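The structure under discussion appears below in the form of C-alpha cells.
If you're wondering where the values come from, they're calculated on a predicted model, not measured in any experiment.
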Amino acid sequence: MVAYHDEEWGQPLHDERRLFEMLCLEGAQAGLSWSTILRRRDGYREAYEGFDAARMATYDDARQDELLADARIIRNRAKVRAFRDNAALTMELRRSEGGLDGYM
C-alpha cells in the first residue's frame, strides 16, 4: 500500500491501458477498501488480459461467466458487467475523442 501511495497515487498518467485499468479498478473498489483491490490487482491483470479494452469489449456471456467464477477478482456480476461495458465505451472514446487520455 505504501508503494502504491508513494509511486502511483496522484502521479500524472497518460498511458491508455493504465488509465483504463485504473478506471476499472476504481469501479471494482466501490464498497470495498482500496487495499482489497490492490491485493488482487495482479489477478485482475491476468483475468482481464492486461486490461486490453479492445479484447474486453468483445467478451461474450460465456467469458463473463468464466470471470464470475475466477477467485482472483471480485466476483460481483454488476462489476464484471461494468468492466465489459467500460471497455466498449472506451473503444468509442478512442474513435471519437482519441482515447481516455484525450477525453480526461
Quiz prompt | Any residue meeting side-chain contact (heavy atoms from CB on, under 4.5 Å) with A88, in chain and number order, not counting sequence neighbours | solution = A57
Self-check item: R18 atom CZ, over 12 foreign heavy atoms within 6.0 Å
Solution: yes
Exercise. Under the side-chain contact (heavy atoms from CB on, under 4.5 Å) rule, collect the residues that match up with D60, sequence neighbours excluded.
Key: A62, R63
Exercise. State yes or no: do L38 and I74 share one hydrophobic cluster built from I, L, V, M, F, W and Y residues joined by side-chain heavy-atom distances below 4.5 Å, directly or via other members?
Key: yes
Exercise. Give a yes or no on whether the backbone of V80 and the side-chain of Q64 come within a donor-acceptor separation of less than 3.5 Å.
Key: yes
Practice problem: Not counting sequence neighbours, which residues clear ring pair (Phe, Tyr, Trp, His ring centres under 6.0 Å) with Y44? List them please. | Solution: F83
Quiz item: Got a donor-acceptor contact below 3.5 angstrom from the K79 side chain to the A30 backbone?
Solution: yes
Quiz item: Per the side-chain contact (heavy atoms from CB on, under 4.5 Å) rule, which among L89, T58, D61 passes with R84?
Solution: D61
Exercise. Might you point out which heavy atoms bring A87 and A53 nearest each other, and give the distance in Å?
Key: CB-O, 3.4 Å
Practice problem: Taking side-chain hydrogen bond (donor to acceptor under 3.5 Å, both in side chains) as the test, write out the residues that go with S35, two or more places apart. | Solution: S33
Quiz item: So if you build clusters from Ile, Leu, Val, Met, Phe, Trp, Tyr with side-chain heavy-atom gaps below 4.5 Å, do M56 and M22 land together?
Solution: yes
Self-check item: With sequence neighbours excluded, residues passing side-chain hydrogen bond (donor to acceptor under 3.5 Å, both in side chains) with S96
Solution: none
Exercise. List in chain and number order the residues that pass side-chain hydrogen bond (donor to acceptor under 3.5 Å, both in side chains) with D70, two or more places apart in sequence or in another chain; answer none if no residue qualifies.
Key: R72
Quiz prompt | Within residues 85-95 or reaching into it, pairs that qualify as salt bridge (Lys or Arg N to Asp or Glu O under 4.0 Å) - sequence neighbours excluded | solution = E16-R94
Exercise. For R17, enumerate each residue passing the side-chain contact (heavy atoms from CB on, under 4.5 Å) test, keeping only those at least two apart in sequence or located in another chain.
Key: D15, F51, D52
Exercise. Mind listing the closest non-hydrogen atom pair of A47 and I73 along with its distance?
Key: CB-CG2, 3.9 Å
Exercise. May I have all residue pairs that pass ring-ring contact (aromatic ring centres under 6.0 Å, His included) and include part of residues 13-38, sequence neighbours excluded?
Key: Y4-W34
Exercise. Measure the CG-CG distance between L13 and L100 for me, rounded to the nearest 0.5 Å.
Key: 10.0 Å
Quiz item: In chain order, what residues pass the salt bridge (Lys or Arg N to Asp or Glu O under 4.0 Å) check against E49, with sequence neighbours excluded?
Solution: R55
Practice problem: For side chain to side chain contact (heavy atoms under 4.5 Å, CB included), just list the numbers for R81 and L68, CA-CA rounded to whole Å, side-chain angles, deciding distance to a tenth of an Å, and then say yes or no. | Solution: CA-CA 10 Å; R81 184 180 329 111; L68 286 168; over 6 Å; no
Quiz prompt | Distance (rounded to the nearest 0.5 Å) between L25 CG and Q29 CD | solution = 10.0 Å
Practice problem: Look at the side chain of T36 and the backbone N and O of L32, then say whether any donor-acceptor pair between them is shorter than 3.5 Å. | Solution: no
Self-check item: Pairs flagged by ring-ring contact (aromatic ring centres under 6.0 Å, His included) wherever residues 85-104 is involved - sequence neighbours left out
Solution: none
Quiz prompt | R75: partners by side-chain hydrogen bond (donor to acceptor under 3.5 Å, both in side chains), with sequence neighbours left out | solution = none
